[in-house]
Amino acid sequence: MSGERYNPREMEPKWQKVWDDAKSFVSANDDPREPYYVLEMFPYPSGRIHMGHVRNYSMGDVVARYQRARGKNVLHPMGWDAFGLPAENAAIERKTHPGTWTRQNIAAMKAQLKSMGLAIDWTREIATCEPEYYRHQQAMFIDMMAAGLVTRKQSKVNWDPVDMTVLANEQVIDGRGWRSGAVVEQRELTQWFFKISDMAEELLEALDGLTDWPEKVRTMQRNWIGKSEGLRLLFEMVPGNATAATSVEVFTTRPDTIFGASFIALSPDHPLTTELAASNPELAEFIAECHRQGTATETLEKAEKKGVFTGLHVKHPVVEGATLPVYVANFVLMDYGTGAIFGCPAHDQRDLDFARKYDLPVLPVVRPADADAGFAVANEAFTDDGVIFNSGFLDGLGIAEAKKAAAAHFADRTVDGKPQGKVEVNYRLRDWGVSRQRYWGCPIPVIHCEVCGTIPVPKKDLPVVLPEDVSFDKPGNALDHHPTWKHVNCPQCGASARRETDTMDTFVDSSWYFARFTAPDADTPTIPEVANRWLPVDQYIGGVEHAILHLLYSRYFTRAMKATGHVGLSEPFKGLFTQGMVTHETYKSPSGDWVPPTEVLLETTGELRRARHIHSGEPIAIGSVEKMSKSKKNVVDPDEIVATYGADTARWFMLSDSPPERDVQWTEAGVEGASRFQQRIWRLVGETIEFAKQSPETVRTSDDDEARALRKIVHRAVHNVGGDIEGLRFNRAVAQIYELTNALVRSAGLVAEAPTARIGALQEGVERLVQLLAPMMPHLAETCWEALGKPGLVADAPWPPVDPALLVDNTVTMPIQVNGKRRGEITVAKGTPATEVESQVLSMDEIVRILNGQAPKKVVIVPDRIVNVVV
RNA sequence: GCGGGCGUGAUGGAAUGGUAGACAUACCGGACUUAAAAUCCGGAGGGGGUAUCCCCGUGCGGGUUCGAGUCCCGCCGCCCGUACCA
C-alpha cells in the first residue's frame with residue numbers, strides 16, 4: 001500500500017457513507033453530555049454552493065468535529081433560507097413554480113454540501129418555505145400580536161410602478177427600480193411592523209454583554225440603533241401667523257446653544273409644511289423638488305442646503321421680544337426627531353451653510369476655552385467643547401452643564417399648556433416593517449373583516465398555506481391576483497372577509513431558525529426546555545454582511561419569543577465569528593472581456609508571471625484580486641475542485657494561509673500545495689506501517705533522545721492545535737500541523753538507527769497527527785486511521801490527551817542581547833537564578849569580545865527568557 | 001464627516017513588550033530520472049566582507065522602555081461600515 005497515492009475520489013464517498021450509516025453526527029436532545037451548538041449561517045438556495053460557503057462550512061465543521069472529540073454533545077444542523085424574491089424571478093423567467101425551482105436548488109446544493117463531508121445532523125434539516133416550518137412562524141406572529149409586539153401603520157415605501165411592487169432601499173438604484181428601471185415612487189401603504197424600536201434601549205445595552213462577538217459588529221449595531229439624548233422643545237407661534245398651529249416642536253441635542261438660534265427649519269414632509277403648501281405654490285414646488293432628489297444617495301452628499309421661507313415666525317424662547325423665521329429646508333428629515341429643528345449656525349455646519357445662503361444671523365454662543373468674547377465664526381462651525389457666552393443665564397458654563405441648565409429652564413415653563421422642554425432619548429432604529437407584497441414568503445396569518453376588523457387566523461386553522469396554482473403573468477403580488485385564495489369567511493362573525501395578502505420579510509424566517517433546529521419536528525414552534533438547553537448558539541459563523549440586519553433582528557425576535565413563552569433567553573448567539581471573503585485574481589483578454597480562471601494558463605519565468613488563453617494562446621492581462629463574482633468571472637466552482645482534488649484539499653486550503661476573519665485569495669498553486677500535503681501525510685503513514693511490520697516490538701516511552709524529543713514535539717502540537725481551534729485560529733493550527741509533519745518525516749528518516757526505541761514514538765506521533773488532521777481533513781484522517789489499524793472511526797475518537805510533563809523543557813535557550821541587539825545565546829537549566837546566568841554570560845568569550853573591556857552598566861535578566869547587557 | 005480595521009520578504013502570513021519573518025506558496029541550486037512530473041536534500045529580507053562577522057530593516061516622524069512590529073503622540077496610505085440624525 002505504501003507505494004499507492006491517496007485517492008480522495010475513491011475514499012471520500014466511502015467515508016461519507018460510513019458516517020451516514022453509523023449516524024455519526026446525529027445528535028440526541030436527551031444526550032446527557034454537555035451540549036455544544038455550532039452553527040453556520042444557513043444558505044439561500046440559489047442553485048449552487050460557492051467558495052464562500054466552502055470556507056464558512058469548513059470552519060464550522062472543524063469546530064463541530066473538534067468539540068465532538070472533546071466529548072461534547074454537538075449540535076451542527078443545516079437548513080435553507082428558502083423564501084425570497086429570486087425564486088419568483090426565476091419563476092417568471094422559466095415559467096415554473098417558485099417552489100419547484102427552490103426545491104430543485106436545495107437538492108442540488110445538499111448533494112454538494114454532502115460531498116464536502118460535513119459533520120452535519122441532516123435529520124434536523126429544515127427549509128423555511130415548507131408549511132411545517134412557516135406554520136410555526138405564523139403561530140408566533142399571532143402570539144406576538146396578542147402580546148402587543150406587532151402593529152399596523154401607514155408607512156412610506158418605494159413603489160415600482162412597472163413591477164407593481166414595494167422595493168427595499170437596496171433595490172432602488174439612482175431612483176429607479178433595479179429590475180424594471182422605472183422611476184420609483186414614494187407611496188403610503190398600510191404595513192405590518194414589529195415594534196423593535198420599543199426594544200432599542202434593551203438591544204443597545206445588552207450589546208455590552210456579548211463579549212464573544214467582534215467589537216466591529218457590536219459597534220455597527222450600536223451605530224444602527226443610534227441613541228441620542230436631547231430635548232424636545234416647543235416654540236410658540238407669533239400671533240397673527242397664517243396657520244392654525246400655535247407652536248412648533250423641535251428636537252435638539254444642543255439646547256445649550258439656544259441663545260444662538262436664528263431660524264426654525266421644518267422637513268418638507270412636516271404636517272405644517274403640507275398644510276402651508278396647499279396655499280403656497282412656491283413651497284409646493286420646493287417640496288416636489290425635494291422628493292425628486294430624495295432617493296439618490298449620491299447627490300445628497302453634494303446637495304446644497306436649500307429652503308423656502310414660510311412667512312411664519314415663532315417667539316425666541318429665551319430672548320424677550322425676539323422672533324425667529326420659520327423655513328422649510330431640504331436637509332431636515334421627517335423620520336428623525338420631530339421633523340423640525342432650530343438652527344444655530346455658529347455651531348452646526350449645515351445650519352451655517354443655510355444661514356450664509358439666506359443671510360441669517362450667526363451668533364456664536366460657545367467659545368474655545370482660550371478664546372475671548374470676541375470669538376467669531378467664519379465658514380466653519382465651532383463644534384468642539386468650550387465655554388458658553390452671549391447666553392444670559394447660561395454664561396460661563398461648560399456644554400454639559402449648560403445642556404442640563406437649559407433643560408431645567410424649559411421644563412418649568414409651559415407652551416400650549418404643555419412643558420416647553422422635555423428631555424427625550426431618540427433612536428435612529430425604526431420599527432421593523434415586515435410586510436412584503438410578494439407571493440414567495442410566509443403568509444401573514446390575518447383576516448380583514450368589515451365587521452370585526454383585523455383579526456388573527458385562529459391557531460387551529462394554521463397553517464395559512466400558499467396556493468400552488470398561481471400565475472406570474474401579471475406584475476405585482478401573485479397572491480393578490482389569485483382568484484379565490486383571499487376570499488374567506490370571518491372566523492368570528494362568519495361574514496365574507498378578505499385574507500391578508502402580504503407575506504413576511506424573509507428576515508423573519510431567519511430570525512428563529514436556530515431555535516427550530518433544536519426541535520425540528522415539534523408541533524409547537526419550539527420545545528422550550530429543549531431550546532433552553534441548546535441555546536444560545538455557542539459559536540455562530542457567517543459573513544460580516546449580516547452584521548446588522550440579520551443579527552439584530554434575531555436578537556429582537558429571540559426577545560419576542562421569550563415574551564411569548566417560546567424560549568427562556570434573550571440573546572441567541574453567545575459567540576459570533578465573521579469570516580472574510582474568498583477572492584481570486586481577475587483576468588482580461590486583449591478585447592477587454594473578463595476571462596474565467598479555467599481558461600487561463602499561467603506561466604512563471606523567474607519572478608515574472610504571465611498569462612495566456614488556454615485555447616487561443618492570446619496574452620491575458622492579470623488584474624487585481626477581487627471577491628469572486630459572476631460579473632468578473634473570477635469564480636472557481638467547488639464541484640470542480642472537489643472532483644479534481646477532493647473535499648479535504650479544498651477544506652484544508654480554505655483553513656490555511658489567511659486568518660479566518662480576513663479575505664483569502666484562492667490560488668491554483670495554493671490548492672496544489674494542499675493536495676501535495678495530503679499525499680505527504682499518506683506516504684508518512686505508509687512508511688510508519690512498514691516500520692511497524694519490520695519491528696513489531698517497540699517501546700512508546702523510551703530513553704532514546706530522538707524518541708523523547710519527538711514525543712515533546714508531538715504533545716506540544718496536540719496542545720497548541722487544540723488551543724488554536726478553540727480560538728478559531730485555523731491558519732495557525734494548520735501551521736502547527738505542518739511543523740509536526742515535518743518533524744515526523746525527519747524522524748522517520750532516523751528510525752533505522754534504533755528501530756525498537758524509536759518506532760513507538762513515531763507511531764504515537766503519526767496517530768496523533770491523524771487525530772489533529774481529523775477535524776480539517778476528515779476523509780484522509782479516517783483512511784489513515786484505518787490503515788494504522790486503529791479500531792473504530794477517528795471521528796469518534798476522543799481528542800488525544802497531552803502529557804503535561806512533555807510540555808515543559810528542563811533546559812532553555814536564552815538569547816543574549818547587548819544594548820538590545822541579539823549577540824548570542826546561552827542554554828541553561830530551566831529556573832537557573834539570574835545571578836548565575838549573569839556570571840556565565842559575562843564570562844562567555846563572544847560576549848567578552850563584544851564588550852571589548854567596557855564594564856556593563858546593567859544586566860537585565862528575565863529568567864528563562866532573555867538576557868540584555870547594557871553598556 | 002463620523003465609526004472601525006489594516007500597513008511585516010516576491011506572495012499569503014507568524015511573533016503573551018523579549019532571537020522579526022514560524023508555516024506555506026512561488027523562486028534558485030543539488031540528488032533521483034533517458035526526460036518530465038512527483039519525491040528527497042539545501043538556499044534565500046537588503047547591503048558589505050574570503051571568513052569569524054558588521055551595518056540597515058516591520059508605511060513615515062517623534063516618544064516611553066534595559067528592550068518596540070507590538071505601547072503612546074502626530075502624519076501618510078489602503079480597506080470596511082455608516083451618514084444631511086439636528
Side-chain angles (χ1 to χ4, degrees), chain A residues 5 214-220 222-224 226-228 230-231 250-255 257 265 267 297 300-305 329-333 335-344 347-351 353-354 383 426-428 544-545 547-548 580-581 602 604-609 625 653 656-659 661-665 667-674 676-677 679-680 683 729 731-742 745 749 813-825 846 849-850 856-862 865-871:
Chain A
R5 285 173 65 80
E215 189 53 51
K216 175 193 170 89
V217 173
R218 293 200 282 166
T219 305
M220 283 164 73
R222 257 181 222 117
N223 292 342
W224 189 260
K227 180 179 183 174
S228 69
L231 197 68
V250 307
F251 177 73
T252 179
T253 55
R254 295 295 304 272
T257 63
S267 161
T297 7
L300 274 184
E301 213 157 302
K302 294 155 237 158
E304 200 182 354
K305 307 287 171 277
N330 63 350
F331 62 93
V332 182
L333 305 176
D335 54 4
Y336 187 81
T338 63
I341 60 157
F342 80 77
C344 177
H347 306 291
D348 182 289
Q349 192 58 48
R350 289 159 306 174
D351 296 349
D353 295 345
F354 192 80
T383 54
N426 249 304
Y427 299 92
R428 208 181 75 98
V544 72
E545 66 273 20
I548 297 172
M581 296 181 302
L602 289 165
T604 312
T605 15
E607 296 196 343
L608 197 76
R609 288 178 74 237
V625 175
F653 178 60
S656 58
D657 271 5
S658 288
E661 68 277 11
R662 272 197 232 171
D663 291 352
V664 66
Q665 188 189 341
T667 63
E668 196 70 10
V671 185
E672 275 165 13
R676 280 200 299 273
F677 177 66
Q679 297 298 343
R680 190 164 190 237
R683 281 195 304 277
R729 298 179 295 264
N731 58 321
R732 287 201 348 194
V734 165
Q736 294 278 353
I737 291 173
Y738 273 121
E739 276 184 85
L740 173 61
T741 307
N742 292 343
V745 168
T813 299
M814 298 162 73
I816 302 168
Q817 299 179 333
V818 176
N819 289 338
K821 282 195 177 121
R822 184 180 179 280
R823 297 296 171 176
E825 60 183 34
E846 51 196 296
R849 180 182 58 78
I850 291 160
K857 280 203 197 97
K858 188 173 175 183
V859 180
V860 178
I861 295 176
V862 183
R865 296 222 69 140
I866 201 162
V867 181
N868 192 9
V869 182
V870 187
V871 293

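Letters A, B, ... are given to chains in the order of the sequence lines, protein chains preceding strands, and every chain is numbered from 1.
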Touch class at under 4.0 angstrom, heavy-atom based, for [X] against every strand present:
X	answer
A:V664	nothing
A:V870	sugar-phosphate
A:N426	nothing
A:S658	sugar-phosphate
A:D348	nothing
A:N819	nothing
A:Q665	nothing
A:Y738	sugar-phosphate

In whole Å, what separates the [atom1] atom of [N] from that of [M]?
N	M	atom1	answer
B:C27	B:G17	C1'	35 Å
B:U58	B:G46	C1'	13 Å
B:A37	B:A31	P	14 Å
B:G81	B:A26	C1'	35 Å
B:C79	B:G63	C1'	29 Å
B:C66	B:A14	C1'	26 Å
B:C85	B:G5	P	23 Å
B:G69	B:C53	P	23 Å

Under 4.0 Å between a side-chain N/O of [X] and OP1 or OP2 of [N], yes or no?
X	N	value
A:R823	B:C54	yes
A:K821	B:C66	no
A:R218	B:G81	no
A:N330	B:C84	no
A:Y336	B:A86	yes

For [N], the Watson-Crick or wobble counterpart (both distances under 3.5 Å):
N	answer
B:G61	B:C73
B:A68	none
B:C23	B:G12
B:G45	B:C56

*Pick one for B:G9: is it syn, with its angle within 90° of 0, or anti?*
syn

Closest listed nucleotide, where the reference is the side chain of [X] and the choices are [options]:
X	options	value
A:I341	B:A24, B:A86, B:U19	B:A86
A:P815	B:A86, B:U19, B:G12	B:U19
A:P659	B:C85, B:U19, B:G13	B:G13
A:R822	B:A86, B:U19, B:A83	B:U19
A:K305	B:G12, B:G13, B:C84	B:C84
A:W224	B:U25, B:G18, B:A83	B:A83
A:R849	B:A38, B:C53, B:C84	B:C53
A:V860	B:C23, B:C66, B:G12	B:C66
A:A669	B:A86, B:U25, B:U19	B:U25

Tabulate protein N/O versus nucleotide N/O from nucleotides 40-50 of chain B, keeping only pairs under 3.5 Å, one per line.
| from | atom 1 | to | atom 2 | distance (Å) |
| --- | --- | --- | --- | --- |
| B:C40 | OP1 | A:R680 | NE | 3.4 |

Just how far, in rounded Å, is [atom2] of [N] from [atom1] of [X]?
X	N	atom1	atom2	value
A:Q736	B:G13	CD	P	19 Å
A:D351	B:C85	CG	C1'	13 Å
A:Q349	B:C2	CD	C1'	14 Å
A:R5	B:U39	CZ	C1'	11 Å
A:F653	B:C23	CZ	P	19 Å
A:N868	B:A68	CG	C1'	13 Å
A:M581	B:G12	CE	P	16 Å
A:R254	B:A86	CZ	C1'	11 Å

*Donor-acceptor pair under 3.5 Å: do we get one between A:K857's side chain and the base of B:C66?*
no

*Stepwise salt bridge (charged side-chain N to carboxylate O under 4.0 Å, His left out) check, A:E215 with A:R218*: CA-CA 5 Å; A:E215 189 53 51; A:R218 293 200 282 166; 2.8 Å; yes

Could you go through nucleotides 3-6 of chain B and list every protein N or O atom that sits under 3.5 Å from one of its N or O atoms, giving the distance for each pair?
none

*asked:* On RNA chain B, does the nearest nucleotide to A:G673 precede the nearest nucleotide to A:F251 from the 5' side, or the other way round? Give the residue.
replied: A:G673

*asked:* Treating A:T253 as the side-chain partner and A:G230 as the backbone partner, does any N or O pair qualify as donor plus acceptor under 3.5 Å?
replied: no

*Shortest non-hydrogen separation from A:N742 to A:R680 and the atoms involved*: OD1-NH1, 2.6 Å

